[in-house]
J.: 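Here you go, one structure.
Labels below follow one simple rule: chain letters A, B, ... track the order of the sequence lines, proteins then strands, and each chain is numbered from 1.
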Amino acid sequence: MSETFTFTIDGVEVEGEPGQTILEAAQAAGIYIPRLCHKDGLEPWGGCRVCTVTVNGRSASACTQPAAAGITVENETDELVDMRRGIIEMLFVEGNHFCMFCEKSGNCELQALAYRLGIAAPRYEYLWPTRDVDASHPDVLLDRNRCILCARCVRTSRDLDGKQVFGFVGRGPGKKIAVNASARLSETGLDVTDEAVDACPVGAILRKREGYRIPVGLRRYDGTPIGSDIEKGASS
Amino acid sequence: MSGNIAQTAEQVCGAFGDDPARLMDIIRGVQQRLGHVPDAAIDAVARRVGRARVDVESVVSFYAFFSKEPKGRIVIRLCDDVIDRMFGYDAVRAAFEEELGITLGETTPDGRFTLERTACIGMCDQAPAAMINDTIVTWLSTDKARRIVSELREHMTPERLVKRVGGGNNGHPLIRAMVHNSIRRPGPLIFSEINRGEAIRKALSMSPAEVIRAIKTARLRGRGGAGFPTGLKWEFTRSASGDRKFVMCNADEGEPGTFKDRVLLTERADRVFAGMTIAGYAVGACEGVMYLRGEYAYLLRYLEDVLEKRRADGLLGRGVMGRDGFDFDIRIQLGAGAYVCGEETALLSSCEGMRGDPKNRPPFPAQKGYLGCPTVVNNVETLCCVTKILEVGPATFNMYGTSRSAGTKLLSISGDCDSPGVYEIPLGTPLGEVLEMCGGTRAKAVQVGGPSGRLVGRDGFDRLICFDDLATGGALIVFGPDRDILEIVSRYMAFFVDESCGYCTPCRVGNVLIKRGVDAIIAGRAEPRDLEQLEDLCRTVKSTSRCGLGQSSPNPLVTALESFRPEIEARLRADPNGYRRSFDLSRAVRPTEQLVGRKSVHT
Ligand SMILES: Cc1cc2nc3c(=O)[nH]c(=O)nc-3n(C[C@H](O)[C@H](O)[C@H](O)COP(=O)(O)O)c2cc1C
Ligand code: SF4
Ligand code: SF4
Ligand code: FES
C-alpha cells in the first residue's frame, strides 16, 4: 500500500494517493470538478481548462496537476466558476452549436455543463466559422461544426483502440480535427465498434441511424445535472 | 509523378536515419526539394519513419514555413510586426504586390513567386525587413522592393540581392548578409573579447558541483524572460536520475522586438557553444541541441562551421580538451516559423519531431525533457553569461547589476529613437536612462519585453530594468508621441492569435475575442460595459491558459490600460437609445445577403 496523504478542497479535507491528480482525488472523495477534455481511463490532456482550480493560490488544471500533501485547493469560488463559464461560452461561440437540432442534445457534456453552471447565452459574439462535415463513413458521422478539440477521440483511438484514426492539423484558431487519411473518414480504419466513436463529449462524432432512439427527456443529463453521479458516490 | 515524390521523400528520410524525432529536418528537406510537402510525400514519410500519416500532416500544418500547397520557387515573407508597420510596411507591401501582380498570400501564375507576411523576423532595428527564401533583406523602401523584384526576375537567386554586407561577421563568407549588428553599447561582460577555450579549461579544473556553485555565486538568472536562477536549474537536472541528459540552447528568439541573440550568434557564437559545453559538464550531459529559429537559417552554415572548428580543436567531441570521460557534442535544430516553440516545452516537442505544442507540467524538463531525459534549457545570452562567469569569476560578474539582478543585460532597442540597436547595460538601470542612451526621450510609451511584457507610459520611465521591476527578455520598443496605443495593442493581439498553438481554449478563442474587442473600440463601436467585459476576459485568459503564451497574451491591453486608461476610455461611447453599439448589423446580415444575392435594406 502506498502512503496516502491529505489536502483540502474548498476547506474540506480529502485524501490523496501518490500518482493521483487533483481531479482524481477529488472525484474519489465525491467532489466534482467540472471537466471536458478529461475522461476517466485516458491520459490527461489539459486542453479545455474547464477544470482550472487554484493550488496554494496559483491556477492549475486539476486534471493534470498531481495531488500533494498539504496543498490548499480552491474549486467552487465565484471567480473560478465565472471563469469556467467564460471558457464554456468560448467553446460555444467558437463552433456552430445548434443544440435544438443536435442528436447529442441531452447527452452532450458541453450543453450539460452550460446548464450546470447556469449559462443562458454566451456573453461573447459568435464567431460563426465555416467548417466541414464528413459523412463518408458508412456508420459514423464527423461534424466538425461541433468539435471542441478535446482530443478524446484522438487519445481513445490511439491508446484504447490501438489505431490512431484521429489527429489535429493547423494551429491556433485554425486548428481542426483531422483523420488519418488524405481525404475522408471512410478511408481510415475506423470501425463503428471502436471506443473512439463513443469518446466524443459533444455531437461531433455520432453513430448513424440512431437518431431519437432515446427520446429527448430521457437522456443522460435531462434529469440530473452533469457531475451528480460523482457527488452521489460520496454520500452513499 | 507521385512515385517521384515518394522517392524523393524516402531519400530525405534515409538521410536522417528514418528517425521520427528528426521530422522537422525531414519535412524541411522535402520542402526544399519539392517546394512543398504534398500528400504523397506525407504518406511516404509516415511509412518510413513509422508514424501515423495524420501525425506527419499535423507537423506540416503547424509550422508557418511548411506547406502542403505548392509555393513559388521564391517565397517573399514580409515581416509584419508593429515596427515594420511604423516604418512603411504598407507601402512596401503595395510595391511588391504591384510589381509581382499578386496580392499578399498569392503565388504568381508562373509559379515563380509567393508573397506572404510573417511575424517579427528579428530585424526591428533595420525595418521594414523581409525574408526572401533564407536571405534577409532590410531597410526596405518602395524603390528597393521594385528593384528586388526586377532583379529576382532576372537571376532567381535571392543570395545575389546582397550587394553590400553588414558589419562584423555578417560579411563572413558563410553568412554574407546585408544584416547590421548595430552594437551601440558593448558592455564589459557579454560583448567582451573571447579567449577561446579558457572558460572550459577553468570549468574542467573544477568538479561539476563547483561549477554549479560558481554559477549560483554569480547569481545568474535566465536571460530568456522568466529569470529563473540558472544554477538551481542545473542542480535539478544534475540530480535528476537518468543516464542520458541534454543541454538545449534556446535560440528561437521569437518575442517581437528582440534581436540580441541574433547578434550574439553572429559575433559571439563560440561563447554560446562554450556555455553549452560547460552546462553539459556541470549537469552530466553528453549531447547538446541548439534550437535555431527558421528565420535565422541564414546563420546555419556559419554556426555549423564554428562547431566543426571546435571539434577540430578538441573543444567538442570525445574527451573535451583531453578530459577522459567528458564527451560533448552539439547539433543544430532549425525551427520553421512558430513563436510558441520558444516556450521551453514546446521547443522540446518541436525537437522531437512533433507539433510545437507545449507539454503538461509537471514533469519539468529538468526531470523529463528531450526524449524523456533530464534536460537543461537555457537562452543564448544566459549561456554567454555562463562562459563569462567561468572566464572572470563570479565576483567580477556580479559586480555589475543589483543584488537580485546580477550582471549586465542585452537590450534590443527599436522604434522611435535615434539609435536603434543592441545595448549592454547593467541590470538595475532606469528605463529613462536607457531612453537617453538611444535618443528616445520623447517617447510616449515603451514596450518592455515585447508584447508579452508590458507597455510602460511616461509615468513609469523611472522604473528599473531588472527582474524585480521591469523584467525583460531584451526587447525595448519605443513609441513616439504620435503613435496610437490601441493600434499597437491590436497588432500585438493579432500576433498572439497567429501564434497560439491552439491546444487550450482560453488562448485559442480568447485572444480572437480580445482582438475583436480592441478593434471595436478603435472603430468607435464600443461602450463602457464592453471594456469591462474585455478586462474580465483578459483575466480569464491570463489565469486559465496552459502555457506562458496565453498567460501573457492579454498583457498588451492590460498594461496599456494601466498607463493610458483615460485615453482609451475616451473612445468608448454609450448608445443614446441603449442599443448595443458593438453589434454590427451590416456584418451580421452579410452572409445572408450573399446567400440570397441581394442587399439588405437596413442601411
Ligand atoms: C511563448 C513563449 C516564448 C518564449 N520564447 C523564448 C525565446 O525565444 N527564447 C528564450 O530564450 N526563451 C523563450 N521563452 C522562455 C523559455 O520558456 C525559457 O524560460 C527559457 O528558454 C529558459 O532559459 P533561461 O532560463 O536561460 O532564460 C519563451 C516563453 C514563452 C512562454
Ligand atoms: S471530434 Fe469530439 S472527441 Fe474528437 S476532438 Fe472533437 S469534440 Fe473531441
Ligand atoms: S496558452 Fe494554450 S493554446 Fe496558447 S500557446 Fe499555450 S498551450 Fe497553446
Ligand atoms: S479537463 Fe482539465 S483541462 Fe480539460
Side-chain angles (χ1 to χ4, degrees), chain A residues 36-37 43-52 54 58-61 63-66 79-80 82-91 93-95 123-128 130 148-151 154 158 163-176 178-183 188, chain B residues 38-40 42-43 46 51-64 68 338 340 355-362 496-513 516-517 520 533 536-537 539-546 550-551 582-584 588 591:
Chain A
L36 272 174
C37 68
E43 201 178 286
W45 183 253
C48 73
R49 312 311 285 178
V50 168
C51 69
T52 301
T54 67
R58 297 184 59 167
S59 292
S61 49
C63 69
T64 60
Q65 188 67 27
E79 200 181 357
L80 282 169
D82 195 55
M83 287 193 189
R84 287 175 188 155
R85 275 191 208 110
I87 292 171
I88 301 285
E89 292 169 24
M90 287 183 212
L91 289 170
V93 302
E94 182 192 27
R123 70 195 87 169
Y124 312 119
E125 62 175 316
Y126 283 95
L127 300 179
W128 303 131
T130 305
I148 58 167
L149 304 169
C150 70
V154 177
R158 183 190 65 199
K163 283 190 181 177
Q164 280 199 275
V165 168
F166 299 99
F168 293 112
V169 293
R171 77 175 185 210
K175 183 179 179 181
K176 58 181 192 177
V179 298
N180 192 33
S182 60
T188 68
Chain B
D39 276 320
I42 290 176
D43 279 323
R51 296 261 293 262
R53 122 178 263 294
V54 68
D55 280 355
V56 178
E57 186 180 0
S58 189
V59 177
V60 175
S61 66
F62 188 88
Y63 297 91
K68 272 185 75 177
V340 69
R355 299 165 58 84
D357 289 339
K359 296 171 188 271
N360 287 323
R361 270 157 300 194
F496 287 121
V497 169
D498 284 344
E499 300 298 332
S500 161
C501 82
Y503 195 108
C504 75
T505 315
C507 172
R508 186 182 67 238
V509 189
N511 286 324
V512 174
L513 298 172
R516 288 192 174 210
Q533 184 182 305
D536 239 21
L537 173 60
R539 267 191 295 277
T540 301
V541 173
K542 275 176 79 80
S543 49
T544 63
S545 283
R546 180 167 174 264
Q551 287 158 12
S582 54
F583 180 70
D584 183 346

J.: With a 4.5 angstrom heavy-atom cut-off, which part of Val50(A) approaches chain B: side chain, backbone, both or neither?
T.: neither
J.: What part of Ala181(A) lies closer than 4.5 angstrom to a heavy atom of chain B: side chain, backbone, both or neither?
T.: backbone
J.: How far apart are the closest heavy atoms of Cys48(A) and Pro506(B), and which atoms are they?
T.: O-CD, 4.2 Å
J.: Salt-bridged, Arg539(B) to Glu79(A), with N to O below 4.0 Å?
T.: no
J.: Verify, without hydrogens or angle tests, whether Tyr503(B) (side chain) and Gly46(A) (backbone) share a donor-acceptor contact under 3.5 angstrom.
T.: no
J.: Is chain B contacted by the side chain of Gln65(A), its backbone, both, or neither, given a heavy-atom distance below 4.5 Å?
T.: side chain
J.: Might you work through the side-chain contact (heavy atoms from CB on, under 4.5 Å) test for Cys507(B) and Arg49(A), ending with a clear yes or no?
T.: CA-CA 10 Å; Cys507(B) 172; Arg49(A) 312 311 285 178; over 6 Å; no
J.: Is it the side chain or the backbone of Arg361(B) that comes within 4.5 Å of chain A heavy atoms, both, or neither?
T.: backbone
J.: Taking only residues two or more places apart in sequence, or in another chain, which ones meet Thr54(A) in a side-chain hydrogen bond (donor to acceptor under 3.5 Å, both in side chains)?
T.: Glu74(A)
J.: Between Tyr63(B) and chain A, which part of the residue has a heavy atom less than 4.5 Å away: side chain, backbone, both or neither?
T.: backbone
J.: Which region of Ala64(B), side chain (C-beta onward) or backbone (N, CA, C, O), has a non-hydrogen atom less than 4.5 Å from a non-hydrogen atom of chain A, or is it both or neither?
T.: both
J.: Inspect the surroundings of NZ in Lys68(B) and state if more than 12 heavy atoms from other residues, nucleotides or ligands are less than 6.0 Å away.
T.: yes
J.: Between chain B and each of Tyr126(A), Trp45(A), Phe166(A), count heavy-atom pairs under 4.5 Å; write down the option with the most.
T.: Trp45(A)
J.: Considering only heavy atoms, which portion of Val497(B) lies under 4.5 Å from any heavy atom of chain A: side chain, backbone, both, or neither?
T.: both
J.: Pick one of side chain, backbone, both or neither for Ala338(B), based on which atoms fall under 4.5 Å of a heavy atom in chain A.
T.: both
J.: So, for Phe168(A) and Ser58(B), which heavy atoms are closest and what is the spacing to 0.1 Å?
T.: O-OG, 2.5 Å
J.: For the residue pair Met83(A) and Thr540(B), what are the closest heavy atoms and their distance?
T.: CG-OG1, 3.6 Å
J.: Which one of Ala178(A), Pro173(A), Pro44(A) has the most heavy-atom pairs closer than 4.5 Å to chain B?
T.: Pro173(A)
J.: Show, in sequence, the C-alpha distance, side-chain angles and deciding distance for Leu537(B) and Arg123(A), and conclude whether the side-chain contact (heavy atoms from CB on, under 4.5 Å) test is met.
T.: CA-CA 10 Å; Leu537(B) 173 60; Arg123(A) 70 195 87 169; over 6 Å; no
J.: Identify the heavy atoms of Arg171(A) and Glu499(B) that sit nearest to each other, and give their distance.
T.: NH2-OE1, 3.2 Å
J.: As an exercise: rank Asp82(A), Leu36(A), Leu149(A) by heavy-atom pairs under 4.5 Å with chain B and give me the winner.
T.: Leu149(A)
J.: To check you understand the geometry: which heavy-atom pair defines the closest contact between Leu513(B) and Tyr124(A), and what is its length?
T.: CD1-CG, 3.6 Å
J.: Under 3.5 Å, side chain of Ser59(A) to main-chain N/O of Ser543(B), donor-acceptor pair present?
T.: yes
J.: Identify which part of Gln533(B) has an atom lying under 4.5 Å from any heavy atom of chain A, answering side chain, backbone, both or neither.
T.: side chain
